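Each ligand, and each atom within it, is numbered from 1 in the order the structure gives. All figures in this text were calculated on a predicted structure; none of them were measured in a lab.
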Amino acid sequence: MTEKQITTTSEAQIAVHWGEEQYYYPSYEFVAQANMTDPEIYNRFSLENFPNCFKEYADLLDWDQYWTNILDTSDAPCWKWFTGGKINASYNCIDRHLAENKNKTAIHFVPEPLNEKTEHITYQELYVRVNEFTALLQDFCGLKAGDRVTLHMPMVAELPIAMLACARLGVIHSQVFGGFSGRACADRIVDSDSHILITMDTYFRNGKLIDHKQNADVACELAEKDGKKIDKVLVWQRYPGKASSKTPMIENRDFFVNDILKDYYGARVAPVPMPAEAPLFLMYTSGTTGKPKGCQHSTGGYLAYVAGTSKFIQDIHPEDTYWCMADIGWITGHSYIVYGPLALCASTVVYEGVPTFPDAGRAWQIAQDLDVNIFHTAPTTIRALRKIGPDEPAKYNYNFKHMTTVGEPIEPEVWRWYHEVVGKGKAIIVDTWWQTETGGFLCSTLPGISPMKPGSAGPGLPGIHPVIYDDDGNVLPAGVGKAGNICIQNPWPGGFQTIWGDRQRYVDTYYSRYNKDPDSKDWRDWPYLAGDAAVEAEDGYYRILGRIDDLINVSGHRLGTKEIESAAMSVPEVAEAAVVPVSHEIKGKEPDLYIALRPGLTGDSEQAQIISDAICREIGKIAKPRNVWIVPDMPKTRSGKIMRRVLGAISNNTDIGNVMTLANPDIVEDIKSIVSK
Ligand code: WT7
């Protein structure tokens with residue numbers, strides 16, 4: 001058995017010893033208003049009716065030219081949905097709502113400081129601001145359909161405005177999470193070959209005004225070293241007309257958006273009808289090797305899928321106030337803050353800051369003020385709010401009908417707190433399992449139809465047909481209580497099209513494992529490997545157990561162990577680095593870092609700090625290790641492989657098991673004594 005398999009099996013075994021949970025049923029009140037209450041939907045979206053069933057989703061959109069072929073498999077497994085069709089995402093999220101809803105709020109922007117007013121941007125105002133910025137992108141930057149633009153923006157209304165302006169021209173946006181470092185931004189600029197960077201001077205986070213402009217300078221400098229020169233940096237101002245960042249502007253490269261926008265006052269740009277399969281955006285995610293993967297999402301298929309799932313799983317009605325407390329810099333924000341809700345003409349909330357500023361009641365205060373009725377967050381946030389403000393929700397008078405949890409498995413205890421305290425025992429919960437790659441939800445209950453089960457995501461969505469394989473390629477039947485690798489048997493419109501510039505890696509990572517005929521053009525031969533371990537209960541509900549590869553889920557986001565290790569290796573004294581996930585009460589998992597220095601060197605806490613800082617600089621604070629343990633040597637197999645399993649057991653204080661097969665078994669005690677100090 002390989003090292004990887006050992007880790008997988010043990011994690012799965014622990015999990016399947018959990019007991020079965022009780023069902024919770026949606027209230028009559030919820031069902032009475034739900035968008036989908038007809039169980040027939042599962043038959044309409046059965047495998048026999050695949051792929052034609054997805055016409056229902058496509059018909060939620062306005063097409064410039066209706067499609068002719070629902071699914072083109074000629075370049076399997078790079079699926080093309082709705083070919084022959086032409087569509088514009090910006091038009092579908094804005095223009096088509098104007099006739100009846102121009103005065104309706106599209107985006108509620110809530111600044112973090114309490115003394116700043118919430119901005120209620122109507123669909124008409126969104127239309128105006130997107131058009132003017134589109135004109136700027138087109139004329140001032142010379143951008144056209146198919147070009148890539150990197151965005152490195154915080155949580156402000158200007159972020160969806162910039163995304164929708166790109167989409168209006170068919171320009172492919174690549175938003176980098178605002179909390180990521182300049183280095184991480186540079187890597188994505190280089191990989192996507194962007195020549196324009198859109199950023200913001202400053203933003204508020206946890207009471208502090210952060211200078212964000214300095215990251216743009218780092219990104220441009222590093223990208224140029226890698227041969228990719230940024231021609232223009234567009235800098236939005238947190239306070240228009242006022243310089244709030246100390247970082248100087250670089251002449252002829254950096255431009256304040258507010259200055260240039262004056263030239264485009266009143267400009268209108270017709271939305272460009274894009275082929276359905278044209279890429280809408282790239283979203284980078286961690287892979288098992290150091291290089292992040294640019295997940296390429298389509299225009300027609302993606303938009304149809306997020307509109308459909310926003311309607312049926314999020315139960316969004318146009319009159320709802322919907323708040324997804326994720327960051328737009330992650331896929332959750334793209335699909336379920338921006339594209340899904342706006343395609344349905346809902347009012348979506350964009351909150352600048354953290355839910356605990358100035359205190360643990362902030363989220364509930366915002367919910368009360370805006371009368372939010374659909375709320376969407378992650379287990380890591382739920383755990384944090386439960387810990388520091390368990391009594392806060394009761395103090396506020398809000399009324400949720402629906403809540404979502406996403407990003408990692410939720411502990412049933414935490415689920416129940418979410419249900420009883422945050423949801424006041426009334427709101428239904430959907431636990432949505434999906435990924436950056438998948439564009440939209442894969443497993444979840446249908447809120448108006450199926451009961452909820454704490455800790456389980458639920459069955460496959462209509463039109464999503466999961467299957468669990470063991471390592472030998474056998475399908476595990478429902479209810480056998482064994483964990484395996486969850487796959488999806490069929491393509492779906494929201495799935496990514498490829499990894500930007502690396503089709504082979506796309507095929508190898510997601511399809512090779514269970515594909516028997518690499519030349520096949522039949523979708524049935526290409527199960528999609530999600531990379532998670534899961535168990536299917538007798539009722540067809542899936543419980544997700546975690547990643548099967550070298551990835552760590554920190555606060556609901558994937559970090560590659562290799563990414564963190566290579567950042568550590570950038571410190572010259574470091575000879576070897578190994579990262580393991582360690583359980584954390586709030587974040588779920590946290591990286592714990594082991595370091596062996598070059599021969600002859602001994603480390604101290606200062607050295608450890610330098611290594612930790614290097615990781616924050618290279619990747620961002622999200623990857624900050626819990627501890628940097630400087631050890632005399634790594635536990636190794638006879639072939640020289642670092643045994644991360646052993647380090648993981650030491651970090652988590654669990655049974656290390658047999659170490660006699662190691663080349664250096666004595667090191668284990670040495671490391672244990674360092675960690676227990
Ligand atoms: C990985 C994907 C989905 C958007 C946010 C994260 C884990 C996601 C759940 C859930 C259990 C979950 C999986 C998945 N995950 N949702 N409801 N229950 N695990 O996107 O960074 O691409 O991470 O997050 O391990 O593979 P991502």
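Of all the heavy atoms of I410, none lies under 4.0 Å from any atom of ligand 1, so neither backbone nor side chain is involved. Under 4.0 angstrom from ligand 1, the non-hydrogen atoms of Q435 come from both its backbone and its side chain. Contacts between T436 and ligand 1, counted as non-hydrogen atom pairs separated by less than 4.0 Å, involve both the backbone and the side chain.
Taking every non-hydrogen atom of D532 and a distance limit under 4.0 Å, the qualifying atoms of ligand 1 come out as 13 (C), 14 (C), 25 (O), 26 (O). Against a heavy-atom cut-off of under 4.0 Å, I331 is close to the following atoms of ligand 1: 4 (C). Numbered from 1 in the order shown, with element, the atoms of ligand 1 that lie under 4.0 Å from a heavy atom of P409 read 11 (C), 18 (N), 19 (N). Residue N553 has at least one heavy-atom neighbour below 4.0 Å for each of these atoms of ligand 1: 7 (C), 24 (O). In the vicinity of D431, heavy-atom distances shorter than 4.0 Å reach the ligand 1 atoms 10 (C), 17 (N), 18 (N). Atom numbering of ligand 1 starts at 1 in the shown order; those under 4.0 Å from a heavy atom of G556 are 6 (C).
The backbone N or O of Y203 sits nowhere less than 3.5 Å from a side-chain atom of E352 that would complete a donor-acceptor pair. Listed for the T380 side chain is a donor-acceptor partner under 3.5 Å among the backbone atoms of I586.
Closest to atom 23 (O) of ligand 1 among all protein heavy atoms lies R558 NE, 3.3 Å. For atom 7 (C) of ligand 1, the nearest protein heavy atom (residue, atom name, distance) is G407 O, 3.1 Å. The protein non-hydrogen atom at the shortest distance from atom 1 (C) of ligand 1 is W434 O, 4.1 Å. Of all protein heavy atoms, the one lying nearest to atom 4 (C) of ligand 1 is T332 OG1, 3.3 Å.
Nearest approach of A162 to L151, heavy atoms of both residues: CB-CD2, 3.9 Å. The two atoms that bring V350 and A157 nearest to each other are CG1-N, 4.4 Å, heavy atoms only. Minimum interatomic distance between T432 and T404 (heavy atoms only, all atoms of both residues): OG1-CG2, 3.7 Å. Looking at every heavy atom in both residues, F109 comes nearest to M155 through CE1-O, 3.4 Å.
Residues M325 and P355 form a side-chain contact, since some pair of their non-hydrogen atoms from C-beta on lies under 4.5 Å apart.
Aromatic rings of F45 and Y57 (six-membered ring for Trp) have centroids within the 6.0 Å cut-off, being under it.
Side-chain contact of D187 with Y284: a donor-acceptor pair under 3.5 Å is absent, judged by distance alone.
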